[in-house]
Amino acid sequence: MNDIFEDLQWRGLIHQTTADELLPGWLSSGSRTVYAGFDPTADSLHVGSLLPLMMLRRFQKAGHRPIAIVGGATGMIGDPSGKSAERNLQTPEQLAANLAGIESQMRHVLDFDSGDVSAMLVNNNDWMSRFSYIEFLRDVGKNFPVNVMLGKDSVKSRLSSEAGLSYTEFSYMLLQAYDFVHLNREHGCELQIGGSDQWGNVTAGIDLGRRMLGAQLYGMTCPLLTKTDGSKMGKTESGAIWLSPERTSPYKFYQYWLNVADEDTGTCLRFLTELERSEIEALDELCVSAPEQRASQKKLAEELTRLIHGSSGLSTALQATEIFFGAEIENLDDRQLIEIFADVPNCELSATELSGEGLGIMDALVKSGLMKSNGEARRSIKQGGIYINNRRVGEIDRRLTVADLTSETVIVLRSGKKKYALLRFSNA
RNA sequence: GGGGGGUUACCGAAGCGGUCAAACGGGACAGACUGUAAAUCUGUUGGCUAUGCCUUCGCAGGUUCGAAUCCUGCACCCCCCA
């Protein structure tokens, strides 16, 4: 059992704990049960969940048992922490679908089949839904002094804001607190981890545990993973980076990490990978002495893509990277191409278009949606911004024929550095 | 209610009878450079069957050989006075 506390500490993953002195010893003197919560607002987790997920993984590897809790019940309510407005409620069907998607992703990160420390995934709706309102008020609610609740940051900030806070959201912390009590009673769970914005909810659970069970529970929060420029990690102009390959292809996922700013790589490597201290520090140095190599980014992207999308996902991402950045496209078959170009719009055309004279390049560009008009297409070609299978097109009157097929049915068009379109020629 | 100003392409903004598909700036796109970064430089930025043709300057009419530019009406916006 390695010293997880020390490891977390040097990585900078410990923001606050409820027992700074006790925790290190407590963790190293036995196998403990730890939990973290995940929000089921979509059918996939996104990059923002990676940090707590990795936390659980670290604990599991250190010999502790992780419990991931998805808030089937609390998800219907919405945590006001760090949120500026009331959350929309979800239907039970949506939630069920979301939970299924999330579970499959967790299996990449946590081991659900390793004896005593097997990870567990639980849904708080399983126990919450059994409560009647009266019972909940009597058993749980009476342990919560309202004046303490009003003192929590999550509540305070909303009370003073224009959006206000509904009674439903106000009650959120009772639910999360009760989760902790339940997990302690049923599974012996004694430590809750979460982002620093969860401090209020975590301590609420610890207080409740003491009142209801007389139990000594612990809490630990980690810093939020933000970029140096203050924006949230995992968000791009085009939306969040998701963990599911359906929502964010392995290529895009890989690229996201490859493009992390130099200043952010150190934190990302510490927070999100399991690389050894010496290796990370070596990468940090390289990042300063030879930034153009982007060794940190490459390592980060590689580690995370392999973890979330597996080796095959990683190799697809690497292959796609090579192609998207200039390599000529050859010796790939339809299946590989379609996998690599998963994010790229494609356009079905009849194979007969290629026979005889062939298909004019400008036509093809417009049909593919890459260009809005012939004029735009003509301009781009003149400027040298159009490529067929990654080979620059020189002439405006270039025609596409069977010889241009790079695989059985595909021709790849590209405009500029990275705008692609796939033309598929079928016989149908 | 009275008076004045405005409405131009993705955005801002010139133009105030022909040489206007409309200056300039931003953005966007492409190229060079580069670390798939930042900055910089260059080019492009209504459509087409393209040395020409068509549609665009709030909307609808009108004057004129000719209108983004002048006139009339309408709509919306801003300012001042009541």
Side-chain angles (χ1 to χ4, degrees), chain A residues 47 226-239 241 248-269 282-305 309 313-329 340-345 353 357-399 412-421:
Chain A
V47 160
T226 51
K227 298 190 208 169
T228 313
D229 66 15
S231 61
K232 253 192 194 154
M233 197 47 95
K235 291 262 192 277
T236 65
E237 322 80 62
S238 47
I241 300 293
T248 300
S249 69
Y251 165 73
K252 272 197 182 158
F253 185 85
Y254 178 87
Q255 284 291 319
Y256 179 78
W257 299 109
L258 196 62
N259 282 313
V260 165
D262 291 357
E263 313 83 69
D264 294 326
T265 55
T267 313
C268 285
L269 286 168
L283 285 168
D284 284 349
E285 269 173 50
L286 255 179
C287 192
V288 175
S289 62
E292 73 283 357
Q293 286 181 19
R294 292 190 302 157
S296 295
Q297 282 92 336
K298 281 179 189 157
K299 192 71 185 168
L300 177 67
E302 189 187 313
E303 289 290 313
L304 291 176
T305 308
H309 296 296
L314 176 61
S315 68
T316 302
L318 287 171
Q319 211 169 13
T321 292
E322 227 174 274
I323 286 176
F324 279 114
F325 290 91
E328 261 185 32
I329 300 167
I340 289 170
F341 287 94
D343 303 314
V344 158
E353 303 253 27
E357 281 277 273
L359 176 65
I361 179 68
M362 293 203 290
D363 253 1
L365 285 166
V366 174
K367 277 187 179 150
S368 70
L370 231 38
M371 294 285 137
K372 282 203 280 293
S373 68
N374 283 359
E376 195 180 335
R378 179 177 292 111
R379 216 179 292 133
S380 294
I381 296 170
K382 271 192 201 150
Q383 292 179 140
I386 298 296
Y387 306 76
I388 296 169
N389 299 329
N390 267 356
R391 218 168 307 174
R392 183 172 279 170
V393 173
E395 333 77 54
I396 289 169
D397 45 16
R398 175 82 152 81
R399 304 193 79 81
V412 180
L413 289 181
R414 169 180 149 209
S415 137
K417 285 205 170 51
K418 39 186 144 186
K419 244 180 19 220
Y420 283 82

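All values below were derived from every heavy atom in this structure, side-chain atoms included, with hydrogens, water molecules and symmetry-related copies excluded. Lettering of chains follows the sequences in order, A, B, ..., and the numbering in each one begins at 1.
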Peer 1: Say you pick atom C1' in B/rU49 and the same atom in B/rU45; how far apart are they, in whole Å?
Peer 2: 23 Å
Peer 1: Establish, with yes or no, whether the OP1 or OP2 oxygen of B/rC48 is under 4.0 angstrom from a side-chain nitrogen or oxygen of A/Ser373.
Peer 2: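 So the side-chain polar atoms of A/Ser373 do come within 4.0 Å of the phosphate oxygens OP1 or OP2 of B/rC48, strictly under.
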Peer 1: Whether A/Arg379 contacts B/rA50 is assessed here as follows: a side-chain N or O lying under 4.0 Å from the phosphate OP1 or OP2. Is that the case?
Peer 2: no
Peer 1: Any strand counts, and the cut-off is 3.5 Å on both contacts for Watson-Crick or G-U wobble. Which nucleotide pairs with B/rG27?
Peer 2: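 Across any shown strand, B/rG27 pairs with B/rU45.
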Peer 1: Below 4.5 Å, heavy atoms only, C-beta onward: do A/Leu283 and A/Thr265 meet side chain to side chain?
Peer 2: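 Not in contact.
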Peer 1: Could you measure between the two C1' atoms, the one in B/rA30 and the one in B/rC80, and give it in whole Å?
Peer 2: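 It comes out at 49 Å once rounded to the nearest Å.
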Peer 1: Answer yes when A/Glu303 and A/Lys299 have at least one side-chain N-carboxylate O distance shorter than 4.0 Å, and no when they do not.
Peer 2: yes
Peer 1: Nearest of B/rG35, B/rA30, B/rA32 to any side-chain atom of A/Arg392?
Peer 2: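 That would be B/rA32.
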Peer 1: Answer with base, sugar-phosphate or nothing: what part of the nucleic acid does A/Gln297 contact at a heavy-atom distance below 4.0 Å?
Peer 2: base
Peer 1: Of the residues in residues 253-261 of chain A, which ones touch RNA chain B at a heavy-atom distance under 4.0 Å?
Peer 2: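 RNA chain B contact set from residues 253-261 of chain A: A/Gln255, A/Leu258, A/Asn259.
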Peer 1: Taking pairing as Watson-Crick or G-U wobble with both contacts under 3.5 Å, can you name the mate of B/rU19, or confirm there isn't one?
Peer 2: none
Peer 1: Check this for me, if you would: do A/Glu395 and A/Lys382 make a salt bridge, where the nitrogen-to-carboxylate-oxygen distance has to be below 4.0 angstrom?
Peer 2: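 A salt bridge is absent here (no side-chain N lies under 4.0 Å from a carboxylate O).
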Peer 1: If pairing requires Watson-Crick or G-U wobble contacts with both distances under 3.5 Å, which nucleotide is the partner of B/rG1?
Peer 2: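 In the structure as shown, B/rG1 has B/rC81 as its Watson-Crick or wobble partner.
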Peer 1: With both distances under 3.5 Å as the test, what is the Watson-Crick or G-U wobble partner of B/rA75?
Peer 2: B/rU7
Peer 1: Checking contacts here: which listed nucleotide (B/rU36, B/rG31, B/rG43) is nearest the side-chain heavy atoms of A/Gln383?
Peer 2: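 Nearest to the side-chain atoms of A/Gln383, counting from C-beta on, is B/rG43.
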Peer 1: Indicate whether OP1 or OP2 belonging to B/rU49 is found under 4.0 Å from a side-chain N or O atom of A/Asn374.
Peer 2: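 So the side-chain polar atoms of A/Asn374 do come within 4.0 Å of the phosphate oxygens OP1 or OP2 of B/rU49, strictly under.
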Peer 1: Find the partner of B/rA68: check Watson-Crick (N1-N3 plus N6-O4 or O6-N4) and G-U wobble (N1-O2, O6-N3) distances, both under 3.5 Å, and reply none if neither fits.
Peer 2: none
